[in-house]
Structure formats: C-alpha cells, structure tokens
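These notes concern the structure reproduced below.
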Amino acid sequence: RAGADLTGQPPVFLFSLPYLIFFLFTYILPPPLPIVPDRFLIDPSWQVVLSEAFLRGAQFGRDIVYTYGPWGFLEISRGDPRIYPWLVGGRLLIAAAFVLAVSTIAARGIRRPAGRHVFVAAVVLLSNPISVLPMALLAMLATMQDRSKQKSLLVHLLVIACALTMWIKFNGFVVVALLGAALAAQDLIKRRVPLITLEMGAACIGFWLLARQSLSTLPSFVLGAFSLARSYGPEMFVSGPNFEITFAIILGAAIVTYGAIFFFGRRAWLWTPSAVWFALLVGVLLKESFVRHDSFHIWLGIINALLPCALILFCGIGSFNRAESQPAGMRPLNHACVAWVIFLCVAFPLVELRTPAGLERIQTLGINADGVKAVLGGQSLSTRYQAQLADFRREKPLAKVQGTVDFFPDYAAMLYGNKLDAKLRPIPQAFAAYNSYLSGLNAAFYRSAARPDFVFFDALPIDNRYPTSSDMLSWLALMDCYKPAGNSGPYLLLRAGTCGNAAPEPVAAITDRKSVV
C-alpha cells in the first residue's frame, strides 16, 4: 500500500511537515507562561513549583512529593525562562515522534490523500501528545506486525519519547509501564527477546538521571505519587453535568465494542495483552475525566486523550479503509461506533469551548503567540520575566523577610512572584496532602531543622471545605513550632521557633451510625 514504507523516507516526512510546523509555533517554541497576579493561584503555583524543582535539582520523592515527576514542566511550564532550553528539547522530541507516527498510521490505514490529511489534522488539533503517544506507539507496532524484521527508526523515537512521558505525570508512568509489560508479554509468547520493553526501560532510567535524580529516591517517588493518586478520588471528587457522563459512557462503550469485534473477528489472540492494556487505558482516561468532574478534566481526559486515541485505534485497524474486511453481520454496529466517535470529535470540543477550560485554552493560545513573537523578535526572555515579576509585586506584594519562606496552604506562586527565597514542604499544596502519610511528611518537615525561617499563612479553603481539612497535621506543626511575627496584608507571618512537642488530645468524641468523630 502507498505510504507503507519506512517513515524515514521523504514522502511521509513531507506529508507531516505542515503539522510539525503547527506544533512548532503552538507547542514547542512558546516560552514558559508568566507568573501573573490572578485571583486564584492554585494551578499557577504547582506549575511554577515544577519548573523551579527541575532547575534546582530537587529530588522527587524526597524534596517534592507529587503526581508530577521531574519532567512535569513539559506538561505546563510557568515561570523562570532558564527552563526554556529543556522545554524546547523535550517538547520537540515528543511532538516529532507524535506527528510522524500519526502521519505514518494515516498513510498505512487511509488510501485517499485528502482523507489522510483530515485524519491527521483532527488528531493533531485534539491531542495532548503526551497523553496520546503510548497509543500511537501501539498502533505503529500493530501496523508492522507483518514486517517483524523491519526496524523502523520511528519506533525507536516513539519508545524514547514514551519513556520521557513516564516522568511527566504519574498517570503516564502507569500507562507506559503497563504498555511495556503488555509488549513484553507478547514478545515472550512469541519466544522473542522483549527488546522494545528493554529499550523503554533503559530510556526511562536515562531521563530520570538526566533530570539529576538519584536512583535511591525512585522508590520514594513511586510510593508518594501512588499515595496521592490513591487518595485523589475520595478527596477531590466533584460532580458535573450529566450529559457529559452519558456521552462519555457511550463513547467508551463504542470504542471497546468496536475493538472487541475486531479482536475476536480476526482471532488476534497474540495481541491479548495489548487489548487488555487498551481497555485499561480507556478506564484510566474516563477516571481522569470524571473523578473531579469539571471542564478542565473533561478536556484532559476526553478531548485531549480518549477521542484522539479512538481515532488512532480505528485507523490502525483499518476502519477508514473500505478494502479492510469486517464481519458482515457486525458492520452496522461498527459503523455506528465509528460515527459516534467522529460526531463527538466535532461536537464535544465545540460545546466545551464555552466552559472555563475552553476559554482558558483560547487565552493560552494568545499568550503563547505573544511569547513566540517575542522569541522570534529577539527579545530577552529574562528581561520579559523580570518585568512580569515587577508587575506581580505591584499587584500582590509580600513583605520582604530575611531568610527562607513558605506559603501555607496553596499559593506558592506568591513567593516566586515576589522573588523570595522559597523553601517549600514536600507536598507543596496543602489540599494535596490527602491522607495521614502525606500530611505527616509535611508536618515532619515543619518540625525538622530544615524547616523554613518564615511561613506566610492564610485560611484558603478549597471546594468549600473546612480550612483545617487540608493538610491537618501541618496545622498542628505550625502551631507548635512557629510564632506570629506580624502580617503582610491579609496574610499572617509566622516565624520559626522552638517546637514545644505538644501532644494534642481530642476534647470530645461524637458517635453516629456512620462514623466516629
């Protein structure tokens, strides 16, 4: 078939060039987002923390415990422009692997050139490439199953890029690790050495070390990230519109149904581990979308990940090629599944553009365009950054203190925006210290000799909770080891003192049928 040759040949590269240029201006070249004096600084705070943690070589799992890893700034980067070379290099690797893979899958699965362009354009416009890369790798390998001796440079590029995404977000770590296990199982079934899995593992360790991480902290990173992910559902659940749940359930059912029909119709038993992995991927993305059911997570899980993954699946198994055989009795159901996915690829983003998440994405495009204009115009990113910080200090000033400082509970961006010497607790935002293990890490930090000299304190509840429900053990540690030393606007300033090691005791116990308080 046309386009079925190795992806290093000029036709595929030239076909993908417009989409690479699109990513160059919208994804690769934009500098880090500015630190701006927004009303709500929760998201900007963790975004700044990730950039600063990488730049200072903070050890993930020890100095910082989060669901993002040392390369998490590749997801959303904000703050210090010193991160820019790393940002460009990491995103270039991810975008190049993604666009070339999607273009190759289109060339092998769609006969008409116009159809290929429509497919690639749809996937590129919808996708967060970090989330979709594992699916692209699996589809590439599936299209090469009849060419097992053919070693594609693109496959190696995809494997390396997938390994990088493992250290961006813990979901990516789990998804890519499980994909590596599935591919290894298939190779072992075929009595082959699992070279792709071994290559992925080697690249994974390489990127960990490149971020100046120690192998000794790797188990702690996994333990801490797992603890955060495990407690995220019950602690952060919010509900949203029912129509989104209905659409997504039908979407998931359509994807799994179509995949199952193809799998059993072709008797592709050797690909059972990959089929199981894909079903798990659908479950992970639905969970990401609806545990905290707001417009931002709908974009992350459905629009940016599940929909483009479904398009890649359908193209990879020949759904857009009429020459591919399908079970005759199942064709109406197959067509209905594909039609539903295509409908949602158009309708869902249009509906969600009106939401806060959609408006934020439009705003970010404008900020990125301004940043690219500055880069191409030769403006100094450092000068722009200092001007942004000056604007921030005018809008949201904090008192200057001599020594290290933290901000409790959630607005670490206040410290970086005011150019203070930040020294943050391991879980840098209180609302994310979901359980006693995580809150205990923060409390132990505040009681240790390494604690900051000052803490700016405010009662900032999230989701209308009681303020003390966030990182409750740290509240006790702050009361025990810090003393009031004035204020800075609405914020109480605490100074480190001698810990009294007071042992708090409950003043009352109230029992009902469901719980003990």
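Along the sequence shown, residues are numbered consecutively beginning with 1. Source: prediction; values computed, not measured. The figures that follow rest on heavy atoms only: side chains count, while hydrogens, waters and symmetry mates do not.
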Nearest 0.5 Å please: distance from the CG atom of D406 over to the CZ atom of F457.
11.5 Å
Can you confirm whether L415 sits close enough to L424 that some side-chain heavy atom of one is under 4.5 Å from a side-chain heavy atom of the other?
yes
Side-chain contact test, heavy atoms from C-beta onward, threshold under 4.5 Å: evaluate it for L281 versus L179 and give yes or no.
no
Distance-only, no hydrogens or angles: does the S295 side chain make a donor-acceptor pair with backbone N or O of A357 under 3.5 Å?
yes
Tell me if the centroids of the rings in F173 and F170 come within less than 6.0 Å of each other.
yes
When you measure from the side chain of S51 to the backbone of R78, do you find a donor-acceptor pair of N or O atoms at a distance under 3.5 Å?
yes
Check against side chain to side chain contact (heavy atoms under 4.5 Å, CB included), N368 and T26:
CA-CA 7 Å; N368 285 342; T26 62; over 6 Å; no
Taking the six-membered ring for Trp, are W86 and F73 closer than 6.0 Å centroid to centroid?
no
Note, R384 side chain near D370 side chain (heavy atom, < 4.5 Å)
yes
Do N128 and E75 meet the criterion of a side-chain donor-acceptor pair at a distance under 3.5 Å?
yes
Search all heavy atoms of V49 against all heavy atoms of Y416 and return the closest pair with its distance.
CG2-CE1, 4.3 Å
Quick one, D453 with V401, criterion side chain to side chain contact (heavy atoms under 4.5 Å, CB included). Give me CA distance, side-chain angles, the key distance, then yes/no.
CA-CA 9 Å; D453 301 313; V401 295; over 6 Å; no
Using modelled atom types only, decide if a donor and an acceptor are shared between the side chain of D463 and the backbone of R465 within a distance under 3.5 Å.
no
Evaluation steps, side-chain hydrogen bond (donor to acceptor under 3.5 Å, both in side chains), between S380 and S382:
CA-CA 5 Å; S380 169; S382 178; 4.8 Å; no
Any idea which heavy atoms bring P484 and L492 closest together, and the distance?
CB-CD1, 4.3 Å
What's the shortest heavy-atom distance between S131 and P134, and which atoms?
O-CD, 3.7 Å
How are the rings of F408 and W475 set to each other: parallel, tilted or perpendicular (split at 30° and 60°)?
perpendicular
Do you know which two heavy atoms are closest between G301 and E288, and how far apart they sit?
CA-OE1, 4.1 Å
Which word best sums up how the rings of F407 and Y411 line up, parallel for under 30°, tilted for 30 to 60°, or perpendicular for over 60°?
parallel
So do the side chains of C499 and R451 get within less than 4.5 Å of each other, counting heavy atoms only?
yes
Sub-3.5 Å donor-acceptor pair from the side chain of K400 to the main-chain atoms of N418, do we have one?
yes
Verdict with reasoning, V174 to N171, per side chain to side chain contact (heavy atoms under 4.5 Å, CB included):
CA-CA 5 Å; V174 173; N171 269 4; 5.7 Å; no
Under 3.5 Å: donor-acceptor pair, side chain of N435, backbone of Y437
yes
Determine whether a donor-acceptor pair (N or O, by modelled atom type, separation under 3.5 Å) exists between the side chain of R292 and the backbone of M236.
yes
What is the ring orientation for Y232 with Y434, classed by angle as parallel under 30°, tilted 30 to 60°, or perpendicular over 60°?
perpendicular
Return the orientation label for the Y446 and Y482 ring planes: parallel under 30°, perpendicular over 60°, tilted otherwise.
perpendicular
Classify the side-chain pair S45/D410 by whether it contains a donor and acceptor separated by less than 3.5 Å.
no
Does NZ or CZ of R425 fall inside the cone over F445's six-membered ring, less than 6.0 Å from its centre and within 45° of the axis?
no
Classify the ring geometry between F243 and F247 as parallel (under 30°), tilted (30 to 60°) or perpendicular (over 60°).
perpendicular
Using modelled atom types and a 3.5 Å cut-off, is there a donor and acceptor pairing between side-chain atoms of R91 and backbone atoms of L24?
no
Only counting residues at least two apart or in another chain, list the ones meeting disulfide bond (SG atoms under 2.5 Å apart) with C345.
none
Between S16 (side chain only) and F13 (backbone N and O only), is there a donor and an acceptor less than 3.5 Å apart?
yes
Under the salt bridge (charged side-chain N to carboxylate O under 4.0 Å, His left out) rule, collect the residues that match up with D38, sequence neighbours excluded.
none
Is it true that W208 and F60 have ring centroids separated by less than 6.0 Å?
no
Begin from the C-alpha positions of F23 and L92 and carry the test side chain to side chain contact (heavy atoms under 4.5 Å, CB included) through to its verdict.
CA-CA 9 Å; F23 266 122; L92 178 61; over 6 Å; no
Main-chain N/O of L126 paired to N304 side chain as donor or acceptor, under 3.5 Å:
yes
Pairing of R361 and E352 as salt bridge, 4.0 angstrom limit:
no
Side chains of D421 and T404: is there a donor and an acceptor less than 3.5 Å apart?
no
Euclidean distance, F431 CZ relative to D471 CG, rounded to 0.5 Å:
11.0 Å
Between S439 (side chain) and S436 (backbone), is there a donor-acceptor pair under 3.5 Å?
no
Nearest-0.5 Å distance that lies between atom CZ in F296 and atom CG in L300
9.5 Å
Determine the minimum heavy-atom distance between P32 and I83, stating which atoms define it.
CG-CG2, 3.4 Å
Considering all heavy atoms of both residues, which atom of G69 and which atom of L50 are nearest to each other, and what is their separation?
O-CD2, 4.3 Å
